[in-house]
Amino acid sequence: MFVRQGLHDWNLTPAEAARLQERLAASLSGGRLPSPLRLVAGVDLALSGRDSLVAAAVVWSPADSSVVEVALARKPLSFPYVPGLLSFREAPAALEALAALRSEPDLVIFDGQGIAHPRGLGLAAHLGLWLEVPTVGAAKKRLCGAHRPVRDRRGSKASLFLGGRRVGFVLRTRPGVKPLFVSPGNRIGPAGAARAVLRCCRGFRLPEPTRLAHIAAAMAKRGLSAPEIERKLLS
DNA sequence: GCGACAG
DNA sequence: ATCTTGTCGC
């Protein structure tokens, strides 16, 4: 899919990275949920060995719940894991995998926060600046923000507030399991982000695009080749 | 100083 | 995230 180039460098110090986030957050925009939603991409990464990351991008079709395409990318680790600076660690590999996709998804879901971030620029929001389609963050844990309890029914949600502003929703994608922290990345709003994620859920806690990307990344980590992984996911 | 802290 | 055994439930 189309990915912008050269917005800024990734090899920065933690202090520089935090300052850059505050500056970039100002360029984020809202928007409506694309309709129809034909193809949705999901991205997830896994540690490959002790010094590299493998990113997996899976394109999925909501219409028939089928996998359309899988792309992988492996990059050496160049940034430590620091809460709040996750994008600087995962973005290079994630962007490379997305750029390798032949199809053009209408939306991309990431395993992490969108604008529900201390400086308003979580993984999905940051990466959204390189893409021309809406991005959504669907994290398994809370990074920041406060919310009311969420009822135990599929689709139930509670607004996630940060600094007096609603930055997303805590969404129950499935009864009996912990809710997801959904927040818009770029080119979409909180409601659209939550609707998109719920629309991609098929009985599991995680939306299919991200769930499948997680499986693909885990297989790549174990040494399986891209063709083998795609073959297994397509079946 | 004491918690909280995406993956 | 990753390290790890058994265990509860459909």
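Remember, predicted model here, so these are calculated numbers, not experimental data. In what follows, every chain begins at residue 1, and chains take the letters A, B, ... in the order their sequences are listed.
Note on Gly137(A): nothing from the nucleic acid sits closer than 4.0 angstrom, heavy atoms only. As judged by a 4.0 angstrom heavy-atom cut-off over every strand, Leu77(A) is placed among residues making no nucleic acid contact.
Going from atom CG of Leu206(A) over to atom P of dA6(B) covers 16 Å, rounded to whole Å. With rounding to whole Å, Asp111(A) atom CG is found 11 Å from dT2(C) atom P. Summarising the geometry, the separation between CZ on Arg205(A) and C1' on dA6(B) is reported as 12 Å, rounded to the nearest angstrom. Rounded to whole Å, atom P of dA6(B) lies 6 Å from atom CG of Leu143(A). Distance, Arg89(A) CZ to dT2(C) C1': 11 Å, rounded to whole Å. Distance, Arg211(A) CZ to dG7(B) C1': 19 Å, rounded to whole Å. Atom CD of Gln113(A) and atom P of dG7(B) are 7 Å apart (whole Å). The separation between Lys141(A) atom NZ and dA4(B) atom C1' is 12 Å, rounded to whole Å.
Judged by ring centres under 5.5 Å apart and planes tilted less than 30 degrees, Tyr81(A) stacks against the six-membered base ring of dG7(B).
Of all nucleotides listed (dG7(B), dC5(B), dA1(C)), dA1(C) comes nearest to the side chain of His214(A). The listed nucleotides are dA6(B), dG7(B), dC5(B); the one nearest the side chain of Lys140(A) is dG7(B).
With rounding to the nearest 0.5 angstrom, the OG atom of Ser52(A) is 8.5 Å from the CG atom of Leu47(A). Atom CZ of Arg4(A) and atom CG of Leu127(A) lie 14.0 Å apart (nearest 0.5 Å).
The side chain to side chain contact (heavy atoms under 4.5 Å, CB included) with Leu39(A) is formed by just one residue from the set Val59(A), Leu101(A), Val108(A), Leu107(A); it is Val59(A).
OP1 or OP2 of dA4(B) has not a single side-chain nitrogen or oxygen of Arg142(A) nearer than 4.0 Å. Residue Lys221(A) places at least one side-chain N or O closer than 4.0 Å to OP1 or OP2 of dT2(C).
Aromatic rings of Phe169(A) and His147(A) (six-membered ring for Trp) have centroids beyond the 6.0 Å cut-off, not under it.
No donor-acceptor contact under 3.5 angstrom links the side chains of Arg187(A) and Thr135(A), judged on distance only.
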